Chemist: 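Have a look at this one before I ask anything.
Side chains are part of it too, since the values below use all heavy atoms of this structure and drop only hydrogens, waters and symmetry mates. Labels below follow one simple rule: chain letters A, B, ... track the order of the sequence lines, proteins then strands, and each chain is numbered from 1. Small disclaimer: the values here were computed from a predicted structure and weren't measured.
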2 protein chains.
Amino acid sequence: MASIKDVAAGAGVSVATVSRVLNDHPSVSADARARVLAAVDALGYRPNAVARSLRTDQTRTLGLVISDVLNPYFTELARSVEEEARALGYSVVIGNADERPDLQDHHVRTLLDRRIDGLLVSPTDGGSPLMLDTVRAGTPMVFVDRWIPGVDVPVVRADGRAAVRDLVAHLHGLGHRRLAIIAGPAATTTGSERVEAFRDALREYGLPLPDAYIGQGDFQAASGRRVTEEFLDLAEPPEAVFAADNLMALGALDAVRARGLRVPDDIALAAFDDIPWFVHTDPPVTAIAQPTPELGRAAVRAVVDRIEGRPPRSVTLPATLVVRRSCGEPPAPDTRQANVTQRSNP
Amino acid sequence: MASIKDVAAGAGVSVATVSRVLNDHPSVSADARARVLAAVDALGYRPNAVARSLRTDQTRTLGLVISDVLNPYFTELARSVEEEARALGYSVVIGNADERPDLQDHHVRTLLDRRIDGLLVSPTDGGSPLMLDTVRAGTPMVFVDRWIPGVDVPVVRADGRAAVRDLVAHLHGLGHRRLAIIAGPAATTTGSERVEAFRDALREYGLPLPDAYIGQGDFQAASGRRVTEEFLDLAEPPEAVFAADNLMALGALDAVRARGLRVPDDIALAAFDDIPWFVHTDPPVTAIAQPTPELGRAAVRAVVDRIEGRPPRSVTLPATLVVRRSCGEPPAPDTRQANVTQRSNP
DNA sequence: CCTCCTCGTGGAATCGATTACATGCACCTG
DNA sequence: CAGGTGCATGTAATCGATTCCACGAGGAGG
């Protein structure tokens, strides 16, 4: 592979001049520039990013550690992150934590070793020592979707409280009174927060949220299946189940179908995170949609602000309820409430 | 950030000794080793991978350029690739081409600039000059899923011919005679190959495949929708549609529903690539399943073989038909054929 | 007791870039 | 015409590791 020395030799100049041309430094003669460019072309020379990074102490790379690549929500997030980063001249290295704190630490460590310029994380837990040290060391970092309480890092996320309230109103309006939730890990903010929002909304309607109706999941399909089976085994099973993410909703669907029961006739189902497939499931699933691409873009802008010395800002965007058929017949259009979107086709 | 010099100073030895300890070179005294390790610990030292890469000319990183991150098939592939790579001590940098040759080239170039040790590609086109140059330059490379004909690079993929034949048998058995296909881009092997397999299988049953029944898609949902609308507008619409990937099947489902028609009563649907959601769509979709995780693992082993000087092998694994309800009532269990799997729940 | 190995260690070159500093030349100004 | 200014360029240090080579100490063998 040709190096800057080869180019210098080919153009009959010093490596310094070649470097100046490459970084378009003003003080290079037109003649020298032309010869260098010709040599670059002839040799098919491309600067070695590794060497450049070592010298300049910046890699123009962002690390993104997500909780689960198989979750379409995170996949969409990753896509928008990469897109925005590319627009700003950064590359993205994705690490998939698979909801495992140890894997998350592994990726953080690897990314740090690679000297990425900034880190985007949606933490799978309450903050490992490594994560805390990383923040303390001053690594530019931003939390996306989930965050770690008490850590001074900007957070980019969607606020689902209003949408959860809309959902409970929707369920209540359809006559459901026994409402249950499949929660995510309590160590994650989205895990506990969605339960809180749900509990608060229920209180507004004077409905209880007994412990038996709070199933402990881990954001993966299998746990949604397990929890739903437990719900169905109760003496008094819930009339409606709210899954805190889309994969657990998939698992719930599995469990319901395995019992030979039907959604929404036998049990209603709703999910946090909307995905294209929910339009075509049997039945179409009512879900809370996050402005995922916007979140990704905002997160990238926040880290890059931090990296380039500007003050980064936390961003919170609203999530919205998308009513479909999985909770029962949707209300007639004229009775529908503000912030409740009615969608049939994408 | 502490460097090897700081460690050397802390341990009272030279940087050479520190390096030897870190790479556990045999000739270091127990005493020196202990002091170095203590200093490493005290400083929280981590070797700078950038510097190490520059010197050793290897990054222990693999590049993976996939056609579309939003496609669950590629997402699953990416996951297994990362997993196997990690097991072998490599990191993976993913580039998402979004089915765009220009983006694909962008990622290949960036990855090459970063001096990744090897490249895994599922090409979105017939081979750009850059791609060809990269192969010619001797960069360890392996094609996954799709490949570029005439290029001497190992290919890891699934062979769907037998499964396509099984699918046509299944459709024929259900009485369907007018069969159409939503193809992928002709520039991709999976685009043209699946059409070929479909055409060959139809021939075995004496069925024609008129041009009007070959819709040109691009592996994305929108094109599946468009092509399906065109099919439905025909004077004699097909009785069954085979989508060459899962996203186009999603689009087809959209189009059918938008017309107020039903699958499979009004039109049958099948897809290449099975995904968990197909169990829960309305109706559950009959699909051809690839051994995706195995493909990812095999691909990684192939590039790593190449990187580490062993001869890499191409790998072809069989795909299998998974019958669900989207083509009509499945045959009674006793009439089902070899290689045809019947699945209801995952 | 001298020579030769082996072992542990440090010095210094090296990877491929960037960049501070020095140099030489042309041109402008008083 | 002397001196100053500014531009184009080259030399060399530097980033943080790895690794070749040299060197001294100590043990084995003749």
Chemist: Can you find a heavy atom in the side chain of A/Arg52 that is under 4.5 Å from one in the side chain of A/Asn48?
Modeler: no
Chemist: Would you check if B/Arg146 and B/Thr124 make a side-chain contact, meaning some heavy-atom pair closer than 4.5 Å?
Modeler: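 In short, these two side chains touch, coming nearer than 4.5 Å.
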Chemist: Hey, does A/Ser27 reach any base, or is it just sugar-phosphate, or nothing, if we go heavy atoms under 4.0 Å?
Modeler: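 A/Ser27: base contact, heavy atoms under 4.0 Å.
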Chemist: Indicate whether the side chain of A/Thr134 and that of A/Thr139 have a donor and an acceptor atom separated by less than 3.5 Å.
Modeler: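 On atom types as modelled, these side chains do not qualify, holding no pair under 3.5 Å.
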Chemist: Closest-nucleotide mapping onto DNA chain C: is A/Asn23 or B/His25 further toward the 5' terminus? I mean the 5' end.
Modeler: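 On the 5' side of the pair lies B/His25.
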Chemist: Would you kindly say whether B/Arg114 and A/Thr61 are connected by a side-chain donor-acceptor distance under 3.5 Å?
Modeler: yes
Chemist: Under 3.5 Å, is there a donor-acceptor pair between the side chain of A/Asp105 and the main chain of A/Asp102?
Modeler: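 Not at all, since once roles are kept as given, no pair shorter than 3.5 Å links the two residues.
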Chemist: Mark yes when over 12 heavy atoms from residues, nucleotides or ligands other than A/Asp57 sit less than 6.0 Å from its CG; otherwise mark no.
Modeler: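 Open.
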Chemist: So what does A/Ala49 touch, heavy atoms closer than 4.0 Å: a base, only the sugar-phosphate, or nothing?
Modeler: nothing
Chemist: Rounded to whole angstroms, how far apart are CD on A/Gln58 and P on C/dT18?
Modeler: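 Result: 11 Å.
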Chemist: Roughly, in whole Å, what's the span from CZ in B/Arg35 to C1' in C/dG8?
Modeler: 12 Å
Chemist: Does CZ belonging to B/Arg313 count more than 12 external heavy atoms closer than 6.0 Å?
Modeler: no
Chemist: Taking atom C1' of C/dA12 as reference, at what distance in whole Å does atom CD1 of B/Ile4 sit?
Modeler: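 Roughly 14 Å, once rounded to whole Å.
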Chemist: Just call it for B/Thr17: base, sugar-phosphate, or nothing, with non-hydrogen atoms closer than 4.0 Å on any strand.
Modeler: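 B/Thr17: backbone/sugar contact only, no base atoms under 4.0 Å.
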Chemist: Starting the side chain at C-beta, find the nucleotide from C/dG10, C/dT18, C/dA20 nearest to B/Val13.
Modeler: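 Closest nucleotide to the B/Val13 side chain: C/dG10.
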Chemist: Separation of A/Leu22 atom CG from C/dT18 atom C1', in whole Å?
Modeler: 11 Å
Chemist: Taking atom P of C/dT14 as reference, at what distance in whole Å does atom NZ of A/Lys5 sit?
Modeler: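 So the two atoms are 8 Å apart, to the nearest Å.
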Chemist: The side chain of A/Asn48 is closest to which nucleotide in this list: C/dG10, C/dA17, C/dT9?
Modeler: C/dA17
Chemist: Answer yes or no: side-chain N or O of B/Arg33 and base N or O of C/dG8 forming a donor-acceptor pair under 3.5 Å.
Modeler: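 No, no donor-acceptor pair under 3.5 Å.
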Chemist: Please identify the 5'-most and 3'-most nucleotides of DNA chain D with any atom under 4.0 angstrom from a heavy atom of chain A.
Modeler: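 The contact span of chain A on DNA chain D goes from D/dA8 to D/dG16.
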Chemist: What is the nucleic acid contact for A/Ser29, judged by heavy atoms within less than 4.0 Å: base, sugar-phosphate only, or nothing?
Modeler: sugar-phosphate
Chemist: How would you label the contact of A/Asp57 with the nucleic acid (heavy atoms, under 4.0 Å): base, sugar-phosphate, or nothing?
Modeler: nothing
